[in-house]
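Take a look at the structure below.
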Amino acid sequence: MIQNEKFYFIQTYGCQMNQSDSEHYAGQLEELGYRQTDELTMADVILLNTCCVRETAEDKTLGKIGELKHLKDENPDLIIAVTGCMAQEWQDRLFKRAPHIDLVIGTHNIHTLIDLIKERQQKKEHYLASDMHVPAFHELPAKRFQKFFAWIPIMNGCNNFCTYCIVPYVRGREVSRPVQSVVEEVRRVADAGYKEITLLGQNVNSYGKDLSSHDDFASLLRAVDEIDGIERIRYMTSHPKDMNYDAIDAIAECHKVVNHMHLPIQCGNDALLKKMNRGYTVEHYMDLVDYARKRIPDLVLTTDIIVGFPGETEDMFMDTLQFLKRCQYDMAYTFMYSPRTGTPAATMEDQIPQEVKSSRLQRLMDVQNVYSLKKNQAMERHIYDVIVEGPTKNDKNHWFGRTTGNKMIIWENDGSAAIGDTVPVMVDKGQTWVLKGHIVHKSNM
Ligand code: SAH
Ligand code: SF4
Ligand code: F3S
């Protein structure tokens, strides 16, 4: 090891947007001459890129911040930065809570990292950057953490103000990135050998509404679909209020756009949807799903559901269970409602007791698991193209990859495929969370 080498450690909490932001933090640190390490004790800069969407996310981060104190005691030159949504929400309260933090950087201030590190090296003080009145997109270098999969932010912020959600407060208003800028970045990653991209935004279906051009999500998909070299185009997250037939047509017609749609419903009762300020009804949602299934016959559909929103009665919850049966998702991400200070729902009457929330969550998962299993079992004895991601965490002899529908398949590594290859895999067994299979070789196809 070279004597003067300097290292950074990054931990990311929360959504894909944060993953992408972390890559832009890392890109700047690399430019400053730092290299990445997985060892906390080796780091000269520790950066926690945080989430505050639920209390559990905050608790995890606060626990981690606590763990870092002894490292700071041992090495006063260590720089600890807390960034992202929780930094934006907490601001300088984080310094009060944990004085060993050096930098607090909000969601719109990623570009300030290098200057703040330099200032901190000059003078041991607390530095806060949380101004939201700055451009939402900066052309920053990215150090991509994955070799074949690239995150491409297409917009920042959210205008929807769902009554439970803190994201609009910490991410600001929607700002779309110009098509040209998105296209150029996709061309660059295609030239660099990336095979799969994910277009990112809190509500990708409202892409372009703030632009002076006539571009919208459908036209963006069509523009990106023409770029050579990319195999798969994913997009996250769709919103049922703004998703429309035009976008579904584009998804169906673009060859590289995948057959996976993540369309959060949140709950299956209209009165509750209204209270959540979601802006659609169950029937409108179902109409979109019916059309999407008609246009994209092998559609893989996933969703987000919150249980225990204020005022959720047993009957309303039953509507949600009923909707799971009706819609038959491939998978659902399920959450217990977590009150977020400053959001309207946090002060609504009829907050649901914790034990009711957890029992509803369990009942919800029990119902969904039946359909997840059924969907995965229906894939048995079919062959899917999979991009190889490498060995599984727990067992290096088993490798995994994903289908275009974002289903994870695991197989026993026979040495025939390299990471990043696209290979045909036959599904032998569909389980609730994962599929088991084997690579199909040309000779026995
Ligand atoms: N923009 C996306 C999702 C953002 S947050 C969308 O609108 O769908 C991801 C998910 O977290 C949400 O879909 C919602 O299901 C959940 N979530 C957001 N705020 C929450 C809260 N206060 N408590 C529990 N779950 C929440
Ligand atoms: Fe939150 Fe709703 Fe915006 Fe999604 S659409 S980020 S749930 S406010
Ligand atoms: Fe969390 Fe912020 Fe994403 S609150 S879910 S990291 S936008």
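In listed order, ligands and their atoms are each counted from 1. Values reported hereafter were calculated over all heavy atoms of this structure, with side chains retained and with hydrogens, waters and symmetry mates removed.
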Distance only, no hydrogens: is a donor on one side chain within 3.5 Å (strictly under) of an acceptor on the other, for Glu174 and Ser206?
yes
Can you name the residues that come within less than 4.0 Å of ligand 2, going by heavy atoms only?
Cys158, Asn160, Phe161, Cys162, Tyr164, Cys165, Val167, Pro168, Gln202, His239, Arg278
Distance-only donor-acceptor check, side chains Asn406 and His262, under 3.5 Å:
no
Contact table ligand 1 N or O to protein N or O, d under 3.5 Å:
unit_1: ligand 1; atom_1: 1 (N); unit_2: Gln202; atom_2: O; d: 2.8
unit_1: ligand 1; atom_1: 1 (N); unit_2: Gln202; atom_2: OE1; d: 2.9
unit_1: ligand 1; atom_1: 11 (O); unit_2: Arg54; atom_2: NH1; d: 3.0
unit_1: ligand 1; atom_1: 13 (O); unit_2: Gln266; atom_2: NE2; d: 2.8
unit_1: ligand 1; atom_1: 13 (O); unit_2: Asp304; atom_2: OD2; d: 2.6
unit_1: ligand 1; atom_1: 15 (O); unit_2: Gln266; atom_2: OE1; d: 2.7
unit_1: ligand 1; atom_1: 17 (N); unit_2: Arg54; atom_2: NH1; d: 3.3
unit_1: ligand 1; atom_1: 22 (N); unit_2: Tyr164; atom_2: O; d: 3.0
unit_1: ligand 1; atom_1: 22 (N); unit_2: Ser338; atom_2: O; d: 2.8
unit_1: ligand 1; atom_1: 23 (N); unit_2: Ser338; atom_2: N; d: 3.0
unit_1: ligand 1; atom_1: 25 (N); unit_2: Arg54; atom_2: NH1; d: 3.2

Short side-chain to backbone donor-acceptor contact, Arg326 and Met286, under 3.5 Å:
no
Would you kindly say whether Glu312 and Tyr337 are connected by a side-chain donor-acceptor distance under 3.5 Å?
no
So, taking the atom named NZ in Lys357 and the one named OG in Ser338, what distance separates them when rounded to the nearest 0.5 Å?
7.0 Å
Indicate whether any N or O donor in one side chain lies under 3.5 Å from an N or O acceptor in the other, for Asp215 and Ser213.
yes
Quick test of your reading: applying ring pair (Phe, Tyr, Trp, His ring centres under 6.0 Å), list the pairs with at least one residue in residues 77-102, sequence neighbours left out, ordered by first then second residue.
Phe95-His126
Heavy-atom pair of closest approach, residues Met155 and Gly201:
CG-CA, 3.7 Å
For residues Asp319 and Asn269, is any side-chain donor paired with an opposing acceptor at under 3.5 Å?
yes
If you measure only the distance, is there a donor-acceptor pair under 3.5 Å linking the side chains of Thr281 and Asp270?
no
Between Ile265 and Asp304, is any pair of side-chain heavy atoms under 4.5 Å apart?
no
Tally of protein N/O/S atoms under 2.8 Å from atom 1 (Fe) of ligand 3?
1
Can you tell me which residue and heavy atom of the protein come closest to atom 7 (S) of ligand 3, and the distance to 0.1 Å?
Gln202 NE2, 3.2 Å
Once the angle between the rings of Tyr169 and Phe161 is folded into 0 to 90°, is it parallel (under 30°), tilted (30 to 60°) or perpendicular (over 60°)?
perpendicular
If you count heavy atoms of other groups shown closer than 6.0 angstrom to CG of Asp38, is the number above 12?
no
How does Met86 reach ligand 3, by side chain, by backbone, by both or by neither, if only non-hydrogen atoms under 4.0 Å count?
neither
Would you say Asn18 and Thr12 are linked by a side-chain donor-acceptor pair, where the criterion is simply a distance under 3.5 Å?
no
